[in-house]
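Here the structure comes first, spelled out in structure tokens, and everything after it is commentary.
These values consider heavy atoms only, across backbone and side chains, with no hydrogens, waters or symmetry-generated copies.
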Amino acid sequence: MPGDPAAAPAPLPPPPPPSAAAGPAWRLLGTSREQLCLEFTLPTGQSFRWRRTGGGEFTGVVGRRVFQLRQDGGGGGDVAWRVIGRARGEDEARDEEALAEYLNLGVDLAALYAEWAAADARFAKVAPLIPGARMMRQDPVECLFQFICSQNNHISRIHGMVERLCSTYGTPLPLIDAGGGDVAEAAARAEQQQQQQQPAWEVGRKRSLSEVEAAACATAGGPGGGGPLAPEPEGDGGSGSGGDEAPGTPRGAAAAPPPSGDAPPPRRGRKGARAGGAAAERDAPSSSSGSSGGAGGETTAPEPFAAGAAAAAAAAAAAAGAAHFAFPTLDQLSAATEEELRALGFGYRSKFITGAAAALRARPGGGDAWLRALRGATAAEAAAALEELPGVGPKVAACVALFSLDKHDAIPVDTHVWQLATKYYARHLAGKSLTKKLHPEVAAAFVARFGERAGWAHSVLFISNLRQSQALMAGAGD
DNA sequence: CGTGGACCTGGTCTC
DNA sequence: AGTCGCAGGTCCACT
């Protein structure tokens, strides 16, 4: 534990007023921009659970808490945070501890940057443009399934898939100050909104905003003030068409993807699937899967069947940005069927998700514990163990190892990293094609250069490469 | 053992 | 309004 990383000299003024007027008070994390830059940490592909919610603010779920983070644009770049949602049973007093662990705040990132810059001239050149790119420490289960979704896929779509996974199978997280605090109510309200077909949560997604803020983060000079890009004035309230439906009826099945053109249409939505196909065995009420053990304990009944009903409303709520969900547990995930996931748009990854969930649950001691135990294993052992799971190859295994299992020297070798490697750090591999056997070799090259936290260093280079390829670094001098 | 395809889908780049 | 052997891979079938 390298002491307090930040060492911000002056106690910064209270954080700027966030977009949302009301809500819990904001608190400062006590970090500097060099220790933690949200722009280079949250939306760079480590996790797909963070969204921009306007004006430089990020909203995301950590464990069973909904956090909002924002970076002080002017001064030292301290990060303001607050919790706007929390599962019952989670202690408010441990909010900050949970966030600090998730953000790996015990690691002195500025010191590492200095080491890496000394070891590599190329790093020294690009790093100043990308300060505070920090590795997070995610929950292994959450991380694993996110990256199973990531294969051969667009980042934007991965976000949507992860969102649907959570809203369909995960536990809703009640908002604090949500007026009444009843999730069902919020979900119902959201469902009404959802009928207006308005993807409010897309506000601020991608767009050049990221570029603006990236610049702001890198220069620390001009906060730019890209404007709080106000969402469409839909407002929330609106048409109180008083629930025309019983809360229990998952009319939200409409949220399912539209029928594809040619392929054998997988019915639609969870409900359609049941009603359409096996009318005979429909509703054979959870007889088999009902007793999934007392794990859940939530009042929302994580049972498969109930999940369907709750899921629709939940998905609607999520679509309207009105609710947040914990990432589904393995038990909750086990309620998913391949057919259902396909209807939710997971494509051929559906069988990987159900397969991996089943394989994990079959592990002695439970999949969650099995995964966590890999934190004590070597990088090679962890990778080998992860690759036993369906849908997990070397790249996904490395992502999970680096982003959730403390394997700080793991290098996820994708097409971008392969380019970096053959160009700068493992030139002898140039011309070859990336085979499974070459992954360790590429990783070794990065470790040889950057040391035991090569995975962290790789992230900086990766981001730099992305930015460059997107011509976002234009004018940054070259 | 290394290589070539197939694989769901939809955002992005072009007619 | 269409298109892409695409897109931060993996699995499977062959040579």
Side-chain angles (χ1 to χ4, degrees), chain A residues 40 43-48 133 135 143-165 199 202 205-208 210-211 255-268 336 338-356 359 383-384 386-403 410-423 429 431-443 446 455 458-472:
Chain A
F40 294 134
T44 50
Q46 291 184 57
S47 167
F48 302 97
M135 276 301 122
C143 190
L144 171 66
F145 285 93
Q146 283 191 92
F147 282 92
I148 287 179
C149 292
S150 78
Q151 68 176 70
N152 191 28
N153 206 348
H154 298 277
I155 290 179
S156 54
R157 189 157 82 105
I158 302 170
H159 265 283
M161 290 166 65
V162 171
E163 180 81 31
R164 287 194 292 281
L165 205 55
E202 293 203 356
R205 208 191 63 182
K206 66 176 171 177
R207 208 134 212 68
S208 59
S210 63
E211 307 167 28
S260 61
D262 39 347
R267 288 127 198 177
R268 54 174 79 183
E338 181 181 342
E339 180 184 42
E340 210 171 73
L341 290 169
R342 278 189 176 267
L344 285 172
F346 287 82
Y348 61 85
R349 302 167 195 81
S350 301
K351 61 179 177 295
F352 296 152
I353 293 174
T354 56
L386 289 168
E387 287 178 39
E388 293 174 7
L389 301 170
V392 180
K395 196 271 184 178
V396 169
C399 285
V400 176
L402 176 61
F403 302 150
I411 308 289
V413 183
D414 57 25
T415 54
H416 296 273
V417 172
W418 176 246
Q419 284 176 16
L420 280 173
T422 56
K423 212 148 119 188
L429 297 178
K432 294 190 177 187
S433 61
L434 178 56
T435 63
K436 184 177 164 74
K437 274 221 141 148
L438 255 29
H439 281 252
E441 209 168 323
V442 173
F446 276 88
H458 126 280
S459 177
V460 177
L461 298 171
F462 177 77
I463 294 169
S464 165
N465 202 49
L466 277 188
R467 292 289 193 262
Q468 277 186 339
S469 70
Q470 295 174 9
L472 291 181

Could you check whether [X] gets within reach of a base, just the sugar-phosphate, or nothing at all, counting any heavy atom under 4.0 Å?
X         : result
Leu389(A) : sugar-phosphate
Lys437(A) : sugar-phosphate
Pro412(A) : nothing
Val392(A) : sugar-phosphate
Gly45(A)  : base

Separation of the [atom1] atoms in [N] and [M], to the nearest angstrom:
N       : M       : atom1 : answer
dC12(C) : dG8(C)  : P     : 24 Å
dA6(B)  : dT15(C) : P     : 16 Å
dG5(C)  : dA1(C)  : C1'   : 22 Å
dT10(C) : dG11(B) : C1'   : 22 Å

### Task
Find which nucleotide of DNA chain C each of Phe403(A) and Glu387(A) is nearest to by heavy atoms, and output the residue with the more 5' nucleotide.
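In this pair, the answer is Phe403(A).
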
### Task
Using the closest heavy atom to pick a nucleotide of DNA chain C for each, name whichever of Pro390(A) or Asp414(A) lands nearer the 5' end.
Asp414(A)

[X] [atom1] to [N] [atom2], straight-line distance once rounded to whole Å:
X         : N       : atom1 : atom2 : value
Phe352(A) : dG9(C)  : CZ    : C1'   : 9 Å
Phe346(A) : dG9(C)  : CZ    : P     : 18 Å
Ile148(A) : dT10(C) : CD1   : P     : 10 Å
His159(A) : dG8(C)  : NE2   : P     : 13 Å
Ile158(A) : dG8(C)  : CD1   : P     : 8 Å
Met161(A) : dT9(B)  : CE    : P     : 10 Å
Leu434(A) : dG2(B)  : CG    : P     : 12 Å
Leu341(A) : dC7(B)  : CG    : C1'   : 16 Å

Once rounded to the nearest 0.5 Å, what's the spacing between atom [atom1] of [X] and atom [atom2] of [Y]?
X         : Y         : atom1 : atom2 : answer
Glu441(A) : Leu429(A) : CD    : CG    : 5.0 Å
Leu344(A) : Glu339(A) : CG    : CD    : 11.0 Å
Ser350(A) : Ile148(A) : OG    : CD1   : 11.5 Å
Leu420(A) : Phe446(A) : CG    : CZ    : 5.5 Å
Gln151(A) : Ile158(A) : CD    : CD1   : 9.5 Å

### Query
With both distances under 3.5 Å as the test, what is the Watson-Crick or G-U wobble partner of dC13(B)?
dG2(C)

### Mate of dG4(B) where both pairing distances stay under 3.5 Å, Watson-Crick or G-U
dC12(C)

### Query
Can you check whether Arg342(A) has a side-chain N or O nearer than 4.0 Å to OP1 or OP2 of dC8(B)?
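For dC8(B), OP1/OP2 do have a side-chain N/O of Arg342(A) under 4.0 Å.
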
#### Entry: Residue-phosphate contact under 4.0 Å: Ser433(A) side-chain N/O, dT3(B) OP1/OP2
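Answer is yes, contact under 4.0 Å.
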
### Query
What class does the angle between the rings of Phe147(A) and Phe403(A) fall in, given that below 30° is parallel, 30 to 60° is tilted and above 60° is perpendicular?
tilted

Which nucleotide in the set [options] lies at the smallest distance from any side-chain heavy atom of [X]?
X         : options                   : value
Arg157(A) : dC8(B), dG8(C), dG9(C)    : dC8(B)
His154(A) : dG9(C), dG10(B), dC11(C)  : dG10(B)
Thr435(A) : dA7(C), dG8(C), dG2(B)    : dG2(B)
Lys395(A) : dT10(C), dG11(B), dG10(B) : dT10(C)
Ser156(A) : dC7(B), dG8(C), dG11(B)   : dG11(B)

### Trace of the side chain to side chain contact (heavy atoms under 4.5 Å, CB included) decision for Val392(A) with Leu144(A)
CA-CA 9 Å; Val392(A) 180; Leu144(A) 171 66; 3.8 Å; yes

